[in-house]
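Heads up, the thing below is written out as structure tokens.
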Amino acid sequence: MLVEEKWQDILLAVKTEYELSNIVYNSWIKPLEIFQIDDNKLYVLVPPEQIALNYISKKYLTPLKIVIFEMTGVDYDVEFILPEDAKKLKPKPAKSIAMQDDAAPKENYDLNPNYTFDTFVVGSNNKLAHTISLVVAEEAANPEKKFNPLFLWGGVGLGKTHLMHSIAHHILANHPELKIQYVTSEAFTNEVIDAIRNGSNSQINAIRDKYRNVDVLLIDDIQFIIGKDRTQEEFFNTFNALYNSGKQIVISSDKPPKEMTTLEERFRSRFQWGCMADIGSPDYETRMAILRKKKEMDDFELDDEIIKYIATNIKSNIRELEGALNRLMAFSRLTHVDLTIDTAKEQLESIINPDLHKEVTPQLIIEIVAEHFQKTPEQLISKSRSSDIVRPRQIAMYLCKNMTGASLASIGEVLGGRDHSTIIHGIEKIDTEYNNKEATRSLIETIRKKINPN
Ligand code: ADP
Ligand code: MG
């Protein structure tokens, strides 16, 4: 039992005795959990990636064993395992896991320990969003009206979740008296659907309890609940309850409220009561800074030439930027081969090249436009004349005309066999709006970026 009770102290001791930086500690050591103890064998869960497992085994197995021995007097045979392997072990969970499961307010800890303000690189693309997030986190006890709700929006992989977790961590650390709740709209939806399916009032009440009795609610990727009737209703009631009692709400989305076409007006205006901040694609300097920061955090040696190569070739998505770095890191740690620019290029080929050569076809455009409006490609191609389909369809026509060499006839063909004049009409309609309406222009540009991020 001893080792379980002392686990947190053991981990901290590894940090102090081996002089690990906060970053290294937070990324590799702190997440370690005891999964099971069989006599002398101690199974320790690592964050769920093979790379992490290999890395931690190589660097921290011995330090951990030494500290465990120092603090418990037992020479455990420590084995690191991934969650998927854990499932194969005979179930005999260690107490610490069982305790964590039902005791601690787990919802607050659904946060990535690495997503903090400290690790967030500020660039021209996210400066405003970063500043306001920090203010909101600082002032969470008494939210300023003008920042409530805070609506963060931007494309995939640009740092919305990172910022939201940063706000949450900051509040947990600096205002422990405040109750916060972070949830993805997917998880929120599942909770609501589950309660409805069970026809359980007490479950619904529990959800209300959970989300309405907080000082700060952060809901990530709100676009997923828009259009889901009951869930969206539940969320807006929650929103109203919190807003009316002056609690801070932070929302993230892949697009601004004015472009959420299926969002009802009453909600759209509500989202815009407070403050909206967008996160754009990082410029070259910011990409370099992010790569350098990450390389440092991971304690990884990498030539500036290679970093420049990545920053030059991956432009639109920070997750991909990190993916490239992780690939190189894994490669060099597993093979012990020195990384030259040529090996790096070879390793990154599959990450960098598909984007460069991704061909923009009418099919691709239809898929992306459909997804943007939360429709299916079939709906766009269908005979439906309902306005929430017609408009995306016309936007698809417009983009096909402007982004591919396809003829009007072939655009008509892929869009469900529509005739020439229908296509011209659609293109002209969007073209006029594009030239006259700021909202349409920004909508089109958002979608265009999704189609062709370079
Ligand atoms: P989103 O939620 O917008 O899709 P994430 O917040 O998940 O994007 O970010 C994707 C990845 O990029 C994460 O690993 C995150 O830590 C990293 N990232 C994004 N923005 C930054 C930044 N400004 N500085 C450092 N890392 C960043
Ligand atoms: Mg996200």
Side-chain angles (χ1 to χ4, degrees), residues 6-16 18-33 47 96 99-101 103-123 126-144 147-152 159-184 187 210-221 242 245-252 274-275 277 279 289-290 293-294 296-299 318 322:
K6 291 192 174 165
W7 191 242
Q8 296 313 321
D9 297 336
I10 290 173
L11 297 181
L12 270 174
V14 173
K15 176 177 194 286
T16 11
Y18 291 85
E19 298 182 329
L20 307 183
S21 68
N22 282 335
I23 304 288
V24 167
Y25 174 71
N26 287 333
S27 332
W28 304 113
I29 305 300
K30 203 166 148 214
L32 298 177
E33 288 179 43
S96 62
M99 265 162 39
Q100 267 183 13
D101 264 345
K106 212 173 151 216
E107 51 274 16
N108 282 350
Y109 300 101
D110 254 357
L111 298 171
N112 185 325
N114 295 330
Y115 290 1
T116 61
F117 284 124
D118 281 347
T119 60
F120 191 83
V121 174
V122 181
N126 58 27
K127 207 154 80 197
L128 183 67
H130 171 264
T131 308
I132 298 172
S133 295
L134 197 54
V135 172
V136 162
E138 281 279 311
E139 304 299 321
N142 285 305
E144 281 194 55
F147 295 139
N148 198 17
L150 169 58
F151 192 99
L152 296 169
K160 302 183 294 295
T161 298
H162 191 138
L163 263 187
M164 290 191 111
H165 287 206
S166 305
I167 295 174
H169 283 304
H170 190 91
I171 297 172
L172 284 173
N174 298 291
H175 303 280
E177 74 286 1
L178 296 182
K179 247 176 109 174
I180 69 164
Q181 185 62 256
Y182 167 87
V183 69
T184 63
K210 176 170 165 189
Y211 293 105
R212 295 183 196 180
N213 290 324
V214 298
D215 299 296
V216 183
L217 175 66
L218 305 108
I219 183 154
D220 206 351
D221 284 327
L242 290 173
S245 40
K247 307 298 189 190
Q248 178 72 48
I249 301 158
V250 183
I251 300 171
S252 84
C275 169
I279 307 183
I290 289 172
K293 174 123 192 170
K294 184 150 168 60
E296 237 169 67
M297 279 167 60
D298 290 332
D299 214 353
I318 297 171
E322 291 184 337

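Note that the structure is predicted; figures quoted are calculated from it, not measured.
When atom types are taken as modelled, the side chain of Asn126 and the backbone of Val121 share a donor-acceptor pair closer than 3.5 angstrom.
Heavy-atom neighbours of Glu177 CD from other residues, nucleotides or ligands within 6.0 Å: above the threshold of 12. Summarising the local packing, NZ of Lys30 is surrounded by 12 or fewer heavy atoms from other residues, nucleotides or ligands at distances under 6.0 Å.
Partners of Asn213 by side-chain hydrogen bond (donor to acceptor under 3.5 Å, both in side chains), not counting sequence neighbours, listed by chain and number: Asp209. Qualifying salt bridge (charged side-chain N to carboxylate O under 4.0 Å, His left out) partners for Lys294, counting only residues two or more places apart in sequence or in other chains: Asp298. Taking the side chain to side chain contact (heavy atoms under 4.5 Å, CB included) definition, one finds that Ala129 meets it with Leu152, Leu163, Ala277, Ile279, sequence neighbours left out. A search for ring-ring contact (aromatic ring centres under 6.0 Å, His included) contacts involving Trp7 returns nothing, not counting sequence neighbours. Every residue two or more places apart in sequence or in another chain that forms a side chain to side chain contact (heavy atoms under 4.5 Å, CB included) with Thr184 is listed here: Tyr182, Glu186, Ala187, Asp220. Here Tyr211 pairs with Glu191 under the side-chain hydrogen bond (donor to acceptor under 3.5 Å, both in side chains) rule; sequence neighbours left out. Remark: Asp215 pairs with Leu178, Lys179, Lys247 by the side chain to side chain contact (heavy atoms under 4.5 Å, CB included) rule, at least two apart or across chains. Take Glu139 and apply the side-chain hydrogen bond (donor to acceptor under 3.5 Å, both in side chains) test, not counting sequence neighbours, and it matches no residue. Checked against side-chain hydrogen bond (donor to acceptor under 3.5 Å, both in side chains), Glu138 has the following partners two or more places apart in sequence or in another chain: His170. With sequence neighbours excluded, the residues forming a side chain to side chain contact (heavy atoms under 4.5 Å, CB included) with Ser166 are Phe117, His162, listed by chain and number.
Counting heavy atoms from C-beta outward, Asp118 and Asn22 have side chains that stay 4.5 Å or more apart. Taking 4.5 Å as the limit, every side-chain heavy atom of Val14 sits out of range of all side-chain heavy atoms of Tyr25.
Of the listed residues (His130, His165, Lys293), just one forms a side chain to side chain contact (heavy atoms under 4.5 Å, CB included) with Phe120, and that residue is His130.
Annotation for Val214 and Leu242: closest pair O-CD2, 3.5 Å, computed over non-hydrogen atoms.
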